[in-house]
K.L.:
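Here it is, the structure in full.
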Amino acid sequence: AFLATEQVLFELNLYFGACLKINNTRMPASYNVFMRSFVIFFFAWASLQWAPTIEWLTPIVTGFMVFLINTVIVIGDQMLQPFDLQWSGLPLQKYCVIIENEVMNVSRRHAMFFKCE
């Protein structure tokens with residue numbers, strides 16, 4: 001049991017270290033400006049090219065694709081902040097409650113074991 005607990009704590013430490021590395025390495029602000037500008041220009045030119053082919057569906061298709069691409073960009077930006085309390089952040093409160101419950105259960109079992117002897 002001790003070795004299994006030690007292995008789990010080691011893995012938890014590795015994952016926490018990876019999250020800290022992601023949190024401390026920020027993307028440059030110019031990245032967001034470039035990506036948004038690229039999306040706008042790409043879909044402006046693409047809609048001009050698609051207009052003769054898909055005719056009146058062009059604004060609908062273009063709008064839907066812009067929405068999808070911008071959603072991916074926003075989710076990517078939020079993933080770079082793993083410790084924020086946003087909908088896409090890590091559920092740290094939930095992890096802490098689970099760990100606290102496990103520690104309390106181990107403590108109770110330990111107390112019962114030594115009380116019986």
Side-chain angles (χ1 to χ4, degrees):
F2 177 73
L3 292 176
T5 305
E6 187 172 337
Q7 179 65 27
V8 168
L9 287 175
F10 177 75
E11 290 176 7
L12 184 65
N13 189 31
L14 283 177
Y15 298 141
F16 187 72
C19 287
L20 281 175
K21 196 178 294 185
I22 290 170
N23 193 44
N24 292 334
T25 308
R26 297 287 181 181
M27 293 296 276
S30 61
Y31 171 78
N32 282 339
V33 173
F34 171 76
M35 287 304 295
R36 303 255 182 217
S37 302
F38 178 76
V39 166
I40 289 170
F41 288 125
F42 174 78
F43 283 108
W45 284 107
S47 63
L48 293 175
Q49 293 295 319
W50 296 334
T53 308
I54 56 177
E55 298 172 355
W56 62 273
L57 284 174
T58 303
I60 296 169
V61 170
T62 303
F64 181 70
M65 292 178 75
V66 167
F67 172 75
L68 287 178
I69 298 296
N70 280 333
T71 302
V72 169
I73 292 171
V74 167
I75 290 172
D77 288 343
Q78 289 179 353
M79 287 178 68
L80 291 174
Q81 301 166 356
F83 299 113
D84 284 353
L85 298 175
Q86 298 174 356
W87 62 272
S88 64
L90 293 173
L92 295 178
Q93 183 67 30
K94 183 178 175 182
Y95 290 155
C96 291
V97 168
I98 291 171
I99 290 172
E100 182 180 3
N101 288 338
E102 290 297 320
V103 168
M104 295 304 281
N105 288 337
V106 168
S107 176
R108 275 189 230 113
R109 277 186 263 153
H110 184 69
M112 287 182 356
F113 177 74
F114 284 111
K115 190 175 185 181
C116 293
E117 290 182 354

K.L.:
Kindly work out whether a path of hydrophobic side-chain contacts (I/L/V/M/F/W/Y, heavy atoms less than 4.5 Å apart) joins I54 to L68.
P.N.:
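No, it is not one cluster - the side chains of I54 and L68 are not joined through contacts under 4.5 Å.
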
K.L.:
Measuring from atom CG of N70 to atom CD1 of I40, what distance do you get when rounded to the nearest 0.5 angstrom?
P.N.:
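Result: 7.5 Å between the selected atoms.
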
K.L.:
Who pairs with N105 by side-chain hydrogen bond (donor to acceptor under 3.5 Å, both in side chains), at least two apart in sequence or on another chain?
P.N.:
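Testing N105 for side-chain hydrogen bond (donor to acceptor under 3.5 Å, both in side chains), a comparison that skips the adjacent residues, returns R108.
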
K.L.:
Using links of under 4.5 Å between side-chain heavy atoms of ILVMFWY residues, direct or through other members, which residues join L48 in one cluster?
P.N.:
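Besides L48, the cluster holds W45.
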
K.L.:
Is there a path of hydrophobic side-chain contacts, each under 4.5 Å between heavy atoms of I/L/V/M/F/W/Y residues, joining M65 to L57?
P.N.:
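Yes, because L57 and M65 connect within a single hydrophobic cluster, where side-chain heavy atoms sit under 4.5 Å apart.
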
K.L.:
In chain order, what residues pass the side chain to side chain contact (heavy atoms under 4.5 Å, CB included) check against T62, with sequence neighbours excluded?
P.N.:
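Scan of T62 (side chain to side chain contact (heavy atoms under 4.5 Å, CB included), adjacent residues dropped) gives F43, S47, W50, T58, V66.
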
K.L.:
Mind checking what makes side chain to side chain contact (heavy atoms under 4.5 Å, CB included) contact with L14, not counting sequence neighbours?
P.N.:
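Counting only residues at least two positions away or on another chain, L14 forms a side chain to side chain contact (heavy atoms under 4.5 Å, CB included) with F10.
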
K.L.:
Who pairs with E11 by side-chain hydrogen bond (donor to acceptor under 3.5 Å, both in side chains), at least two apart in sequence or on another chain?
P.N.:
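If we apply the side-chain hydrogen bond (donor to acceptor under 3.5 Å, both in side chains) test to E11, skipping adjacent residues, the hits are Q7.
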
K.L.:
Tell me, please, which residues at least two apart from E55 pass side-chain hydrogen bond (donor to acceptor under 3.5 Å, both in side chains).
P.N.:
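Scan of E55 (side-chain hydrogen bond (donor to acceptor under 3.5 Å, both in side chains), adjacent residues dropped) gives none.
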
K.L.:
Of all residues at least two apart in sequence or in a different chain, which pass the side chain to side chain contact (heavy atoms under 4.5 Å, CB included) check with T71?
P.N.:
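Counting only residues at least two positions away or on another chain, T71 forms a side chain to side chain contact (heavy atoms under 4.5 Å, CB included) with F67, I75.
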
K.L.:
Please name all residues satisfying side chain to side chain contact (heavy atoms under 4.5 Å, CB included) with V97, sequence neighbours left out, ordered by chain then number.
P.N.:
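Listed in chain order: Q93, N101.
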
K.L.:
Can you hop from I73 to F34 via hydrophobic side chains spaced under 4.5 Å?
P.N.:
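I73 and F34: one cluster.
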
K.L.:
Other hydrophobic cluster members with M104, side-chain heavy atoms of Ile/Leu/Val/Met/Phe/Trp/Tyr under 4.5 Å, chained?
P.N.:
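For M104, no cluster forms, as it stays isolated from other hydrophobic side chains.
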
K.L.:
Going by side-chain heavy atoms closer than 4.5 Å, which hydrophobic residues are tied to F41, directly or by a chain of links?
P.N.:
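Members alongside F41: none; it stands by itself.
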
K.L.:
Under 4.5 Å between side-chain heavy atoms, hopping through other hydrophobics if needed: is there a path connecting Y31 to V39?
P.N.:
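Y31 and V39: one cluster.
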
K.L.:
Would you kindly confirm whether V72 and I69 end up in one hydrophobic cluster when ILVMFWY residues are joined by side chain heavy atoms under 4.5 Å apart?
P.N.:
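Different hydrophobic clusters.
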
